Number of protein chains: 2
Amino acid sequence: MSQIFFGAPPRPSAPAGANVSERAQLPPSLAISTVIFALKPDPLANGAPTLWLPLVRRIKEPFRGQWALPGGPLTAEESLEDAARRNLLETTGLAPAYLEQLYAFGGLNRSSRPERGSQRVVSIVYWALVRATEAQLSVGGEGGDENVAWHRADTAGAGEGGLAFDHREIVDYALWRVRTKIEYAQIAYHFLGPTFTLAQLREVYEAVLGRSLDPANFRRQLKSAPQIEATDEFLEGGRHRPPRLYRYTGPLDATPGGPGPGSTQS
Amino acid sequence: MSQIFFGAPPRPSAPAGANVSERAQLPPSLAISTVIFALKPDPLANGAPTLWLPLVRRIKEPFRGQWALPGGPLTAEESLEDAARRNLLETTGLAPAYLEQLYAFGGLNRSSRPERGSQRVVSIVYWALVRATEAQLSVGGEGGDENVAWHRADTAGAGEGGLAFDHREIVDYALWRVRTKIEYAQIAYHFLGPTFTLAQLREVYEAVLGRSLDPANFRRQLKSAPQIEATDEFLEGGRHRPPRLYRYTGPLDATPGGPGPGSTQS
DNA sequence: AAAATAGTGTCTGTAAGACAATATTGT
DNA sequence: ACAATATTGTCTTACAGACACTATTTT
């Protein structure tokens with residue numbers, strides 16, 4: 001919550017060229033990065049699911065050895081979103097169902113260790129949601145690349161000198177975005193399979209929002225939504241009364257290709 | 001907390017997909033554009049205020065002679081927001097109190113008249129709010145540049161072959177953004193001076209939202225907000241009972257310079 | 001039977017919208 | 001006095017949140 005002024009807005013008072021360091025005068029280059037969220041059971045949270053994301057260990061300076069968001073340069077013949085998808089697939093093997101632009105980061109001091117003569121990079125960052133099942137298959141398993149690993153979204157990099165570049169700030173912003181967006185848009189279903197129990201759906205909301213929700217009120221709200229459809233099936237194998245399985249039949253807010261970021265519910 | 005589930009705001013339809021032509025293999029270049037909104041009395045709307053924005057007539061191909069958003073290239077030594085501010089000042093003389101990143105547009109077919117060998121451009125678009133008083137002084141007056149002029153935001157370019165590039169789509173998205181954001185963030189005050197009557201504030205909401213609001217209920221809602229403070233003054237000179245002037249004392253959701261949870265609910 | 005989770009019913013406080021009623025000014 | 005706007009009050013409805021209560025399964 002940045003809150004500000006009324007009469008006199010604080011402005012970054014730097015007219016162009018005011019404080020010119022000697023840096024390459026090359027035009028800024030463009031890169032794409034992606035914050036990929038999945039819900040995974042967290043041993044530290046008593047087995048309750050929390051938000052995780054895959055990170056890539058840097059093998060070059062700057063920030064060599066530290067963890068960074070997957071990403072890469074934008075090539076000449078692909079759209080921003082295609083570039084995000086391609087980088088995602090190449091570095092993590094994931095093909096998310098939900099992908100949306102997050103923000104364009106272009107500050108002058110994005111690398112807190114600016115290298116002499118290094119070119120300035122503007123990063124257009126996307127965020128994505130994947131199911132835990134997909135997440136398991138692609139990264140971190142036996143055959144996985146040890147330079148790609150899942151981390152808890154809220155604590156990644158802590159105790160290891162932080163994440164590379166300004167990626168901690170980016171992840172925090174993406175967390176804020178998924179938490180606020182889940183309250184008004186249909187994105188929770190991207191974490192789940194085609195059918196689910198109301199308890200599972202509630203678990204998604206609780207994990208993302210970070211607070212517990214009243215099961216009775218949660219159920220009542222969903223029942224008032226015509227897009228939630230009860231199936232004839234029940235989830236067997238539990239330790240107690242088997243819960244009914246539901247299906248989401250509404251529009252899935254899939255991958256807002258461009259400006260209407262997202263979610264619409266017709 | 002408000003309703004969790006359904007009820008997302010309507011969004012503009014998604015943009016068209018890409019259509020690759022053979023184009024130069026140069027890396028995409030970066031540009032900044034800005035959608036600047038001001039409320040101006042509209043003769044076509046019976047004198048009621050509507051949203052207007054300054055546009056620049058293109059003097060070069062492509063789209064020569066058509067109207068476009070003010071903007072320009074990003075130089076090596078300025079942040080994205082600084083570049084938006086600078087371009088704004090140079091082309092329109094405006095220094096907006098509110099400035100926020102809108103979206104990064106990077107589709108392959110952004111110029112619907114792709115020139116052979118032209119370099120692909122990724123535009124990072126900002127949107128801004130200015131007061132009508134500022135707006136009057138800088139553009140379109142006697143000494144104004146005739147290649148810069150105010151247009152109604154919702155109809156600009158209609159009947160003139162449309163706006164240049166994909167700028168109509170961009171303006172529509174910016175319109176959607178200001179209309180949805182005014183409902184939960186304190187941005188209306190950026191259209192007004194330090195004091196205002198409740199009728200003036202209501203007029204702002206009505207103009208942006210495009211519907212009329214009940215004066216009594218509007219007043220009651222604002223009175224429940226501690227950030228609205230009554231002054232001892234009244235607006236004299238009206239034709240009837242003089243209304244009291246109020247002041248907004250709360251945080252002004254201004255210029256989320258970076259990504260941070262820059263805007264908040266109230 | 002007990003435990004545990006699934007699922008229903010009810011009450012309360014808050015807030016929005018419709019709209020009647022009163023207040024205060026200029027003409 | 002009258003017109004026009006400002007300002008207050010009242011009623012209704014919707015809904016979120018708290019929470020008691022019932023239902024159905026496993027152990």
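Naming convention: chains lettered A, B, ... in sequence-line order (proteins, then strands); numbering from 1 in each chain. Here the structure is a predicted model, which means the values were calculated and not measured.
- Taking atom CG of residue A/Leu213 and atom P of nucleotide D/dC19, one finds them 15 Å apart after rounding to whole Å.
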- Apply ring-ring contact (aromatic ring centres under 6.0 Å, His included) to B/Tyr205 and B/Phe218, showing your working. CA-CA 10 Å; B/Tyr205 278 89; B/Phe218 186 84; 5.6 Å; yes

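- One can place CG of A/Leu222 at 12 Å from P of C/dG7, the figure rounded to the nearest angstrom.
- Relative to the side chain of B/Ala216, the nucleotides D/dG17, C/dC19, D/dT7 differ in distance, and C/dC19 lies closest.
- When the P atom of D/dT5 is taken as reference, atom CD of B/Gln200 falls 14 Å away, rounded to whole Å.
- Scanning atom types as modelled, no donor and acceptor separated by under 3.5 angstrom connect the side chain of B/Arg239 and the base of D/dA4.
- Mapped onto DNA chain D by nearest heavy atom, A/Pro242 and B/Tyr246 fall at different nucleotides, with B/Tyr246 at the one closer to the 5' end.
- Of the candidates A/Tyr173, A/Tyr126, A/Trp127, A/Tyr173 is the only one forming a ring pair (Phe, Tyr, Trp, His ring centres under 6.0 Å) with A/Tyr103.
- When side chains are defined from C-beta on, B/Phe191 counts as touching B/Leu51, because their heavy atoms get closer than 4.5 Å.
- Atom C1' of nucleotide D/dA18 and atom CG of A/Asp214 are separated by 7 Å, given to the nearest angstrom.
- In this entry the distance linking CD1 of B/Ile228 with C1' of D/dT7 reads 16 Å, nearest Å.
- Atom P of nucleotide D/dC21 and atom CZ of A/Arg241 are separated by 18 Å, given to the nearest angstrom.
- The OH atom of A/Tyr248 sits 4.0 Å away from atom CD of A/Gln186, with the distance rounded to the nearest 0.5 Å.
- Within 3.5 Å, no donor on the side chain of A/Arg220 pairs with an acceptor on the base of C/dG7, nor the reverse.
- Distances from the side chain of B/Pro215 to the nucleotides D/dG9, C/dA6, D/dT7 place D/dT7 closest.
- The shortest distance between the side-chain N/O atoms of B/Lys223 and the OP1/OP2 oxygens of D/dT8 is below 4.0 Å.
- Taking atom CZ of A/Phe234 as the reference point, atom C1' of D/dT24 lies 10 Å away to the nearest angstrom.
- Remark: the A/Asn217 side chain and the D/dA18 base include a donor-acceptor N/O pair separated by less than 3.5 Å.
- The nearest whole Å value for the distance from the CZ atom in B/Arg244 to the P atom in C/dA23 is 16 Å.
- Side-chain proximity of B/Arg219 to the nucleotides C/dA6, D/dT7, D/dT25 is greatest for D/dT7.
- The backbone N or O of A/Ile36 sits nowhere less than 3.5 Å from a side-chain atom of A/Thr34 that would complete a donor-acceptor pair.
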